[in-house]
Amino acid sequence: MKTVIKFTSVTYALKAKETLRNYNIKSTVAKNPKPEKGEGCGYVLTLDGTGAEAVRILESKKIPLKDVSTK
């Protein structure tokens with residue numbers, strides 16, 4: 001299972017990746033291949049697992065998330 005977290009900018013996505021790296025959570029950043037209307041630049045962070053801990057960490061660090069989904 002993979003978790004995909006959407007961000008409105010590459011800045012937030014990269015900040016999230018660095019924050020999670022400090023907690024030993026590996027992730028990758030990529031441009032959203034199909035951004036929806038109103039999503040801005042549309043960058044995503046992808047990581048293995050449910051992502052519940054990652055979301056909790058990012059929210060505690062006040063990094064704004066656009067959307068979270070699992071595949």
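- Two residues are said to be in side-chain contact when any heavy atoms from C-beta on lie closer than 4.5 Å; Glu53 and Ile25 meet this criterion.
- Across every non-hydrogen atom of Leu45 and Ala16, the tightest pair is CD2-CB, 4.1 Å.
- Counting heavy atoms from C-beta outward, Leu58 and Ile5 have side chains that approach closer than 4.5 Å.
- Between Leu47 and Leu20, some side-chain heavy-atom pair lies under the 4.5 Å cut-off.
- The OG atom of Ser9 sits 11.5 Å away from the NZ atom of Lys66 when rounded to the nearest 0.5 Å.
- No salt bridge links Asp48 with Lys26; every basic N to acidic carboxylate O contact stays at or beyond 4.0 Å.
- Leu65 contributes atom CG, which lies 11.0 Å from atom OH of Tyr12 (distance to the nearest 0.5 angstrom).
- The residues Arg21 and Glu18 are annotated as salt-bridged, a charged nitrogen and a carboxylate oxygen being separated by less than 4.0 angstrom.
- Distance check, rounded to the nearest 0.5 Å: CG of Asn22 to NZ of Lys61 gives 8.5 Å.
- Put simply, the side chain of Asn32 reaches to within 4.5 Å of the side chain of Lys6, judged on heavy atoms.
- The main-chain N or O of Thr50 is found under 3.5 Å from a side-chain atom of Thr3 such that the two form a donor-acceptor pair.
- Between the CD1 atom in Ile63 and the NZ atom in Lys17 there is a gap of 13.5 Å [rounded to 0.5 Å].
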key: Step-by-step side-chain contact (heavy atoms from CB on, under 4.5 Å) determination, Phe7 to Val44   = CA-CA 6 Å; Phe7 297 90; Val44 296; over 6 Å; no

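- Hydrophobic clustering of Ile, Leu, Val, Met, Phe, Trp and Tyr side chains at less than 4.5 Å, counting indirect connections, keeps Met1 apart from Val55.
- For the atom pair Thr11 OG1 and Tyr43 OH, the distance stands at 9.5 Å (nearest 0.5 Å).
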request  = Dump the intermediate steps for side-chain contact (heavy atoms from CB on, under 4.5 Å) on Ile57 and Thr19, then the final yes or no.
outcome  = CA-CA 8 Å; Ile57 291 167; Thr19 299; 4.0 Å; yes

